[in-house]
Amino acid sequence: MMIVMKPNATQEEIEHVLARVRSVGARAHVSKGEEVTVIGAIGDREHVARLELEGAPGVSQVVPILKPYKLSSAQLRAGERSVFEIGGRRIGGEHFALIAGPCTVESREQVLETARVVKDAGAAMFRGGAYKPRTSPYAFQGLGQEGLRLLAEAKERYGMPIVTELMDVRDLEPVLEVADVLQIGARNMQNYTLLAEVGRSGCPVLLKRGFSATLEELLMAAEYILKEGNEKVILCERGIRTFETAYRFTLDLMAVPVLKQLSHLPVVVDPSHAAGRRDLIEPLSLAAAAAGADGIIVEVHPNPEEAICDGPQALRADEFAEYAALVERAAAVAGKVFTHA
Ligand code: PEP
Ligand code: MN
């Protein structure tokens, strides 16, 4: 249930509603908008309905949240967009974040060189995996702790927030030491114990859509994180499986405006993993930005021919600045500005 307070409701009236919601074992989620405060009561609907809060002082109306996802629903924020501040950069609303870096951390030179190039070109955050989900168990699995150390060095030197993947809760502590955003990969989108754990960590999360997940399943996955009190979830469309074999996955660009209708959470697009091909990254990025995406996460490598993984879908570092300038223009079409330090 969603309890919409009157614009002039006092703090005392809000506290009173919160206490009553909690008294029936429901969780109360307060969302203070510019005009009104909305209280999401998450729990047994019957119990909350029996409180008859419509007549309570300061309450304007009580409306059911019709979707199965509650905390991520656009309804909870009455249409207001969530904007997160991460290491001095903003994402959501009118703020567009370009997140760039290699698929995986390979070496000190590779990480520092890529970080320098993407920072100079206006990227907001740096991506790079130390733990990699690989289709083959015989493939390179990431540098692990050594990779985290190199990411920490890049962060220290260039000051960019770090986006890095967490695959296993057992690695949470060391990963949290360097991560500003925990990436949950497509393959782990429905790993519910992992989702709850990153929810409890309080660290912002970039949640990738599973390649056969519906948007509702993606939002239910986000709900697992939000339910633990972590409000900073960024949704990521990264391509889904279809019958088409001409490219790696099919980028579902319709997911951008539709997710933004369904949810208040920021939505970013990953053209690298969708396409699997460098030549498609630019057109897909421009389309995503113009469609209103709140950011792009893209792979970049100083020498893609020698990359350990995902080289064919990485932008060349020496072409990145030109690419970033084009994306900035496309984002402007949708009324967004690049976020910088
Ligand atoms: C990645 O970002 O490098 C990655 C493995 O992504 P996904 O989980 O979308 O496949
Ligand atoms: Mn990759």
Side-chain angles (χ1 to χ4, degrees), residues 2 18-19 21-22 24-32 38-44 65 67-73 76-77 82-92 97 99 125 127-133 142 144-145 147-148 151-152 155 161-210 213 216-236 259 263-268 297:
M2 197 173 89
L18 293 178
V21 166
R22 289 177 185 136
V24 293
R27 276 172 187 244
H29 183 273
V30 187
S31 172
K32 278 197 197 303
V38 172
I39 298 167
I42 316 292
D44 189 310
I65 301 177
K67 302 286 188 193
Y69 44 89
K70 313 287 179 193
L71 300 173
S72 54
S73 73
L76 187 73
R77 290 278 163 93
S82 275
V83 178
F84 307 144
E85 180 157 339
I86 299 166
R89 279 71 168 174
R90 272 187 242 167
I91 183 165
I99 306 167
M125 300 185 215
R127 66 147 287 153
Y131 296 93
K132 295 304 300 176
Q145 299 253 5
L148 294 176
L151 287 172
K155 177 166 157 175
I162 302 289
V163 181
T164 196
E165 179 156 355
L166 177 75
M167 289 174 55
D168 188 320
V169 285
R170 288 170 293 188
D171 300 317
L172 182 62
E173 217 176 291
V175 170
L176 277 179
E177 274 176 35
V178 60
D180 295 281
V181 178
L182 293 170
Q183 178 175 323
I184 297 297
R187 291 156 190 83
N188 267 320
M189 188 203 87
Q190 288 179 313
N191 182 339
Y192 298 124
T193 47
L194 183 64
L195 297 176
E197 203 63 47
V198 299
R200 285 189 281 274
S201 79
C203 182
V205 177
L206 186 138
L207 177 63
K208 294 188 121 186
R209 178 183 183 184
E216 185 165 302
E217 285 164 339
L218 172 61
L219 292 168
M220 292 308 285
E223 203 73 11
Y224 270 88
I225 303 168
L226 298 164
K227 184 172 173 284
E228 300 303 325
N230 187 347
E231 298 199 338
K232 293 185 175 167
V233 179
I234 300 163
L235 305 169
C236 178
L259 281 172
S263 174
H264 57 87
L265 298 170
V267 178
V268 306
I297 178 164

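All residue numbers refer to positions in the sequence shown, counting from 1.
- Rounded to the nearest 0.5 Å, atoms CD1 (Ile234) and CD1 (Ile184) are 12.5 Å apart.
- Checking side-chain atoms of His264 against main-chain N and O of Leu71 turns up a donor-acceptor pair under 3.5 Å.
- Taking every heavy atom of both residues into account, Met167 and Leu194 meet most closely at O-CD2, 3.7 Å.
- Not a single donor-acceptor pair under 3.5 Å links the side chain of Gln190 to the backbone N or O of Ala221.
- A distance of 8.0 Å separates CG of Leu148 from CG of Asp171, quoted to the nearest 0.5 Å.
- Here Ile86 contributes atom CD1 and Lys232 contributes atom NZ; the two are 6.5 Å apart, rounded to the nearest 0.5 Å.
- Taking the side chain as every heavy atom from C-beta outward, Ser201 and Leu176 approach each other to under 4.5 Å.
- Counting all heavy atoms, side chain and backbone alike, Ser31 lies closest to Arg77 at OG-NE, 3.0 Å.
- The shortest heavy-atom contact between Ala213 and Met189 is CB-CE, 3.5 Å.
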**Request:** Any chance you could lay out the side chain to side chain contact (heavy atoms under 4.5 Å, CB included) test for Leu207 and Val198, step after step, and finish with the verdict?
**Result:** CA-CA 11 Å; Leu207 177 63; Val198 299; over 6 Å; no
**Item:** Full working for side chain to side chain contact (heavy atoms under 4.5 Å, CB included) between Ile297 and Gln183
**Value:** CA-CA 11 Å; Ile297 178 164; Gln183 178 175 323; 4.0 Å; yes
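- Nearest heavy-atom pair, Leu265 versus Leu226, reported as atom, atom and distance to 0.1 Å: CD1-CD1, 4.2 Å.
- Counting all heavy atoms, side chain and backbone alike, Ala130 lies closest to Thr164 at N-OG1, 3.7 Å.
- Residues that satisfy the side chain to side chain donor-acceptor pair (under 3.5 Å) test with Lys155, not counting sequence neighbours, are Asp180.
- Judged by distance alone, the side chain of Asn230 and the main-chain N or O of Cys203 form a donor-acceptor pair under 3.5 Å.
- Distance check, rounded to the nearest 0.5 Å: CD of Glu216 to OG of Ser72 gives 9.5 Å.
- The shortest non-hydrogen separation linking Gly142 to Lys132 is CA-CG, 4.1 Å.
- Put simply, the side chain of Val205 does not reach to within 4.5 Å of the side chain of Leu166, judged on heavy atoms.
- Distance check: Lys70 NZ to Met2 CE gives 11.5 Å after rounding to the nearest 0.5 Å.
- Of the candidates Ile99, Val268, Leu151, Ile99 is the only one forming a side chain to side chain contact (heavy atoms under 4.5 Å, CB included) with Val163.
- Rounding to the nearest 0.5 angstrom, the gap separating the CG atom in Leu219 from the NZ atom in Lys67 is 9.5 Å.
- Under the rule for a ring pair (Phe, Tyr, Trp, His ring centres under 6.0 Å), the partners of Tyr224 that lie at least two apart in sequence or sit in another chain are Tyr192.
- Counting only residues at least two apart or on different chains, the salt bridge (Lys or Arg N to Asp or Glu O under 4.0 Å) pairs with a member in residues 183-210 are Glu197-Arg200, Arg200-Glu228, Lys208-Asp270, Arg209-Glu237, Arg209-Asp252.
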